[in-house]
Amino acid sequence: LGLKNAAEAILENDLETAWGELEVAQYSTDTYLLPDAFQGLVDLFSYDEDAPQVARRPAAVSLGVLAKMVIMTRMIVEASPTLIVNECEAWPALAEAEEAFRRASSLFGGKSADFRMPPDPREL
């Protein structure tokens, strides 16, 4: 759920929420997702000023890797002999998370200068 919320927050340009959700996701999903997959996003949020163009590509890569990891998790869930996929509440959330990460990845992959760092919530 944290992954889906983070990706949706990025798409909605609610970067304060995205930051918090990514922190939660990084620590709560380490069984399924490699913590290193978050590094490009963590680095992006480490800038006090607007992130330079060079920092955006690793963020896009992180989001793409996370989307692929969500696909792999969905495949594991689907292959489980003890689970009926249609009755699994996680299945739709995984599908939505994958799509949201793919869309969010495209935000950082282009040459747009629209990305701005949110205020540090600790300083509000």
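No hydrogens, no waters, no symmetry mates; every other heavy atom, side chains included, goes into these values. Every value quoted in this text rests on a predicted model; they were computed, and no experiment measured them.
- For Glu96, the salt bridge (charged side-chain N to carboxylate O under 4.0 Å, His left out) partners at least two apart in sequence or on another chain are Lys4.
- The side-chain heavy atoms of Leu63 and Leu41, taken from C-beta on, include a pair separated by under 4.5 Å.
- Atom-to-atom distance recorded for Met75:CE and Ile71:CD1 is 8.5 Å, nearest 0.5 angstrom.
- Residue pairs meeting the salt bridge (charged side-chain N to carboxylate O under 4.0 Å, His left out) criterion with at least one member in residues 99-108, sequence neighbours excluded, are Glu98-Arg102.
- When side chains are defined from C-beta on, Val65 does not count as touching Leu34, because their heavy atoms never get closer than 4.5 Å.
- The closest donor-acceptor contact from the side chain of Ser105 to the backbone of Phe101 lies at 3.5 Å or more, if one exists at all.
- Between atom CD of residue Glu12 and atom OG1 of residue Thr17 there is a gap of 8.5 Å, rounded to the nearest 0.5 Å.
- Side chain of Ser62 to main chain of Ala37: a donor-acceptor pair is present (N/O by atom type, distance under 3.5 Å, no hydrogens or angles).
- Linking ILVMFWY side-chain heavy atoms closer than 4.5 Å, directly or via other members, places Leu66 and Met72 in a single hydrophobic cluster.
- Linking Ile, Leu, Val, Met, Phe, Trp and Tyr whenever their side-chain heavy atoms come within less than 4.5 Å puts Val61 and Phe38 in one cluster.
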